[in-house]
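The structure appears below as structure tokens.
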Amino acid sequence: MRKDANSIKEIIEKKVNYVNSLTAEKIQQLAQDQYPELLQKKEKEVQEEADFIREIIEEHNRTGRFGGKVHTRFPPEPNGWLHIGHAYSINRNYNFAVEYGGKFNLRFDDTNPLTEEEEFVDSIIKDVLWLGVDYEDRLLFASDYFDQLYEYAVQLVRKGLAYVDDSSVEVIREMRGTITEPGKESPYRNRSIEENLDLFERMKKGEFKNGEKVLRAKIDMADPNMLMRDPIVYRILHASHHRTGDKWCIYPMYDWAHGLEDSIERITHSICTLEFEVHRPLYDWYIDQLEEEEGSPIHHSQQIEFAKMNLSYMVLSKRNMRMLVEGEYVNGWDDPRMLTIAGMRRRGYTPEAIRNFSLAINFTKREKIIDMSIFEHYIREDLDKKCPRVMSVLSPLKVVITNYPNEKEEVFSVPNHPSDKSMGNREVKFTRNIYIEQEDFMENPPEDYYRLSPGKEVRLKYAYFIKCENVVKDEGTGEIKEIHCTYDSETKGGESSDGRKVQGTIHWSSSDNALEVEVRQYDRLYTKENPMETEEGKEFKDYINSDSISILKSYVEPFLKEKEPGSRFQFERNGYYVIDIVDSTKENIVFNRIITLRDSWAKK
RNA sequence: AGACCCAUCGUCUAGUGGAAGGAUACGGGACUCUGGAUCCUGUGGCAGGCGUUCAAAUCGCCUUGGGUCUGCCA
């Protein structure tokens, strides 16, 4: 519908006049009446953002294609570890179900006995549950449908749409043609239906060796889409399956199995990655040929493809991650530097942060490399809310408060969170000998250095103002051994009585009451934003950060001794830390750095 | 080379014919017992061209750039 310039002008003028006539109260009133959702909290808006898949779902709901139902699924093959890219897909698929009041299935796509193992089933279930998605009682296995899949294949043969081919792998490959030339038809293509039925049954019975025969769909050897050139439906694999044992010696190929699995489960939207785009015509073709009963087609799910997620300074492919593990650049698949779900769990990332991140990155068809800072933002956002604050000294420097009595000990009650009072208070002890962070003292500081230096006064957080009087050095090396300070007893709790201000506040630890722990500081694994984009004469291994972990002996508040592995804290001014769920023991407590605090000083 | 898919701030994204908005990152400022958090504010984009239209990020064509496809893997 087109409008002419004058009528547009008129409409705009009318609107402008109307808006100008409104008072602030009236606008508030209108907003309340007509757009109450705009006045709701921000979080909701973010989740309601459109993406192209949501548009498809809504179109289906309008036309009634699936009767208004939404049923999604996550179909991992149990042959590897899940990573952040899978978490993204799981979260978004699950979110569609939640959002539209539908269901979500966890289905193992276990159609290849050669590569799949039970241990991956367990680890994947654990990962999915940890992410906080609820598949209710729908923990499903493609292998449970093997009988049905076989029956469907028989149906295909009966309709003259599939045949048994005796050709070898090499011959089949040869005859498939190339992307620019059509293929040639197999000499076995026109066997009778009876012969095909017989042969297929004998394949199932185990009368043939691996590779001796395959079942192929009869489609079109000249189709520009290679996948439509008589694709293989079943191959012979004399191998034991992790769930069906030795019941089968023929196994369905992905394209045959996947759409039918979706159909059997009444999945409405089968969401997968972009490389399956060319598979969609085949996905649809298979389903279109099959009937539940005479004239009644089977359930037809809609396959929709989205672009995989990549993150800067990281490589998420199975192959590259395996290289890191096998090359011992990291310590196993659950190494806290790995973006596997197991690694992130150990690192201390929260499922909520991963979820918020996943929902912020919409499904699109455009390839993307997401800046790590976006992920980091969601991690910090969640941790800031949840983590109790604690004082730690990572790299200690000894400080003696010369005018503080030797035997004296004071206890300060300090808040566990600066803005969340419900987190309560704890007690910290203060004594004459303390540690501060080496970074918090500079003998010859630049002008904009807020922290401690000779003659300068700073606040020890929650305690006293101290002033640096003297620096004690090793006579041989010139290295700073300790510093001597005086404190102002009138500043107890950290406020001066005379209104005097200090520029800096630093954290500290009483050396008589500190708990020594191991702290593992992690950094990114790659030095290049996109390690896959290699320069001349280099391979992506050359971009591995050789300095991605450093281990410190540090001091923390003693009460942390009683905390469980997996507990997260903010070490004030240092970052967020978690007690390692694998290596930490009562004797040697190990903290992993989850992430640093933002640091606008360090950037300069 | 052929077929198919994709293209909005550095990055992630809204926008679907009627003044390109948000998030993050970055810069400035306020506040602060974390150089944190919070608040305010600034910089920054429709790949290019031609067409259709009163009007194009949006529709069409071309160019450019990127991706996918030649497993009895998924």
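Keep in mind it's a predicted model, so treat the numbers as computed, not measured. Basis for what follows: all heavy atoms, side chains included, without hydrogens, waters or symmetry-related copies.
Note: CE (Met372(A)) to C1' (C26(B)) measures 19 Å, nearest angstrom. Atoms CG (Leu227(A)) and C1' (A74(B)) sit 12 Å apart, rounded to a whole Å. We find that CD of Glu275(A) is positioned 16 Å from C1' of G66(B), with the value rounded to whole Å. Between Glu437(A) atom CD and U34(B) atom C1' there is a gap of 12 Å when expressed in whole angstrom units. Spacing between atom CD1 of Ile595(A) and atom P of U24(B) amounts to 14 Å, rounded to whole angstrom units. Nucleotide U32(B) holds its P atom 19 Å from the CZ atom of Arg389(A), rounded to whole Å. Between Asn530(A) atom CG and U11(B) atom P the separation is 12 Å, expressed in whole Å. Atom CG of Leu452(A) is separated from atom P of G35(B) by 14 Å (rounded to the nearest Å).
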Any N/O pairs under 3.5 Å between the protein and nucleotides 70-73 of chain B? List them or say none.
from: C72(B); atom 1: OP1; to: Arg176(A); atom 2: NH2; distance (Å): 3.1
from: C72(B); atom 1: OP2; to: Arg176(A); atom 2: NH1; distance (Å): 3.1
from: C72(B); atom 1: OP2; to: Arg176(A); atom 2: NH2; distance (Å): 3.3
from: C72(B); atom 1: N4; to: Ser167(A); atom 2: O; distance (Å): 3.2
from: C72(B); atom 1: N4; to: Val169(A); atom 2: N; distance (Å): 3.2
from: C72(B); atom 1: N4; to: Gly211(A); atom 2: O; distance (Å): 3.2
from: C73(B); atom 1: OP2; to: Arg235(A); atom 2: NE; distance (Å): 3.1
from: C73(B); atom 1: OP2; to: Arg235(A); atom 2: NH2; distance (Å): 3.0
from: C73(B); atom 1: O3'; to: Arg235(A); atom 2: NH2; distance (Å): 3.3
from: C73(B); atom 1: O2'; to: Asn112(A); atom 2: ND2; distance (Å): 3.1

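Two rings, from Tyr254(A) and Phe276(A), have their centers less than 6.0 Å apart. In this structure, Phe412(A) has its ring center no closer than 6.0 Å to that of Tyr462(A). Here Tyr577(A) and Phe571(A) bring their ring centres to under 6.0 angstrom of each other. Residues Tyr88(A) and Phe357(A) keep their aromatic ring centres 6.0 Å or farther apart. Proximity of the aromatic rings of Tyr150(A) and Phe200(A) is defined here by a centroid distance below 6.0 angstrom, and this criterion is met. Taking the six-membered ring for Trp and the full ring otherwise, Tyr464(A) and Phe430(A) have centroids separated by under 6.0 Å.
Among the heavy atoms of the strands lying under 4.0 Å from Pro418(A) is at least one base atom, whether or not backbone atoms are also near. If you check every strand for non-hydrogen atoms under 4.0 Å, Phe306(A) touches nothing. Nucleic acid contact class of Tyr234(A) (heavy atoms, under 4.0 Å, all strands): none. At the heavy-atom level, Glu376(A) lies nowhere under 4.0 Å from the strands shown. Residue contacts shown for Lys461(A) include a base, since a base heavy atom lies under 4.0 Å away. Contact annotation for His258(A): no contact, since no heavy-atom pair falls under 4.0 Å across all strands. Backbone-only engagement by Ile369(A) is indicated by non-hydrogen atom pairs under 4.0 Å involving sugar-phosphate atoms exclusively. Among the heavy atoms of the strands lying under 4.0 Å from Arg451(A) is at least one base atom, whether or not backbone atoms are also near. Residue-level contact check: Glu305(A) touches neither bases nor backbone, having no heavy atom under 4.0 Å from any strand.
Rounded to whole Å, the separation between the C1' atoms of G44(B) and A37(B) comes to 26 Å. Taking atom C1' in both C46(B) and C6(B), the straight-line distance is 15 Å, to the nearest Å. One P atom belongs to C4(B), the other to C62(B), and the distance between them is 11 Å to the nearest Å. For G10(B) and G48(B), the P atoms lie 12 Å apart once the distance is rounded to whole Å. Nucleotides G49(B) and G65(B) are separated by 15 Å at their C1' atoms, to the nearest Å. Remark: the separation of the C1' atoms in U13(B) and U70(B) is 36 Å, to the nearest Å. Taking atom P in both C40(B) and G22(B), the straight-line distance is 12 Å, to the nearest Å. Here the separation of U43(B) from U24(B), taken at their C1' atoms, is 15 Å to the nearest Å.
You'll find a donor-acceptor pair under 3.5 Å spanning the side chain of Gln570(A) and the base of U34(B), going by distance alone.
Residues Leu82(A) and Ile90(A) approach most closely at CD2-CD1, 4.2 Å, considering heavy atoms. Scanning all heavy atoms of the two residues, the minimum distance from Leu316(A) to Met321(A) falls at O-SD, 3.9 Å. Heavy atoms only, all atoms of each residue included: Ile232(A) and Tyr286(A) are closest at O-OH, 4.1 Å.
Between A37(B) and Arg598(A), a contact under 4.0 Å exists linking OP1 or OP2 to a side-chain N or O. Side-chain N/O atoms of Arg366(A) include one lying less than 4.0 angstrom from OP1 or OP2 on U13(B). The phosphate of G36(B) (OP1 or OP2) has a side-chain N or O of Ser600(A) nearer than 4.0 angstrom.
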(request) Would you sort out whether Tyr349(A) and Asp382(A) count as a side-chain hydrogen bond (donor to acceptor under 3.5 Å, both in side chains), showing the intermediate values? (result) CA-CA 9 Å; Tyr349(A) 294 172; Asp382(A) 194 43; over 6 Å; no
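In this structure G71(B) sits in the syn conformation; its chi angle is within 90° of 0.
Two residues, Thr180(A) and Gly504(A), neighbour RNA chain B, and the one matched to the more 5' nucleotide by heavy-atom proximity is Thr180(A). Annotation: of the two residues near RNA chain B, Phe52(A) and Ile374(A), the 5′-most nearest-nucleotide partner is Ile374(A).
Checking A14(B) for Watson-Crick or G-U wobble geometry (two distances, each under 3.5 Å) identifies no partner in any strand. Applying the Watson-Crick and G-U wobble criteria (two distances, each under 3.5 Å), A3(B) pairs with U68(B). Across the strands present, U38(B) finds its partner in A30(B); the criterion is a Watson-Crick or G-U wobble pair with both atom distances under 3.5 angstrom. Pair assignment for A19(B): none, as no Watson-Crick or G-U wobble contacts are both less than 3.5 Å. Checking G51(B) for Watson-Crick or G-U wobble geometry (two distances, each under 3.5 Å) identifies C59(B) as its partner.
In this model, a donor atom of one side chain and an acceptor atom of the other lie less than 3.5 Å apart for Tyr283(A) and Asp262(A). A side-chain donor-acceptor contact under 3.5 Å links Asn105(A) and Glu265(A). Between Ser395(A) and Glu439(A), the side chains place no donor N or O within less than 3.5 Å of an acceptor N or O (distance only, hydrogens not considered).
Minimum atom distance to the side chain of Ser373(A) is reached by A25(B), of the listed G35(B), A25(B), U13(B). Among the nucleotides U11(B), U34(B), U24(B), the one closest to any side-chain atom of Asp371(A) is U11(B).
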(request) Can you check each nucleotide of nucleotides 56-64 of chain B against protein heavy atoms at under 4.0 Å and return B for base, S for sugar-phosphate only, - for none, in 5' to 3' order? (result) ---------
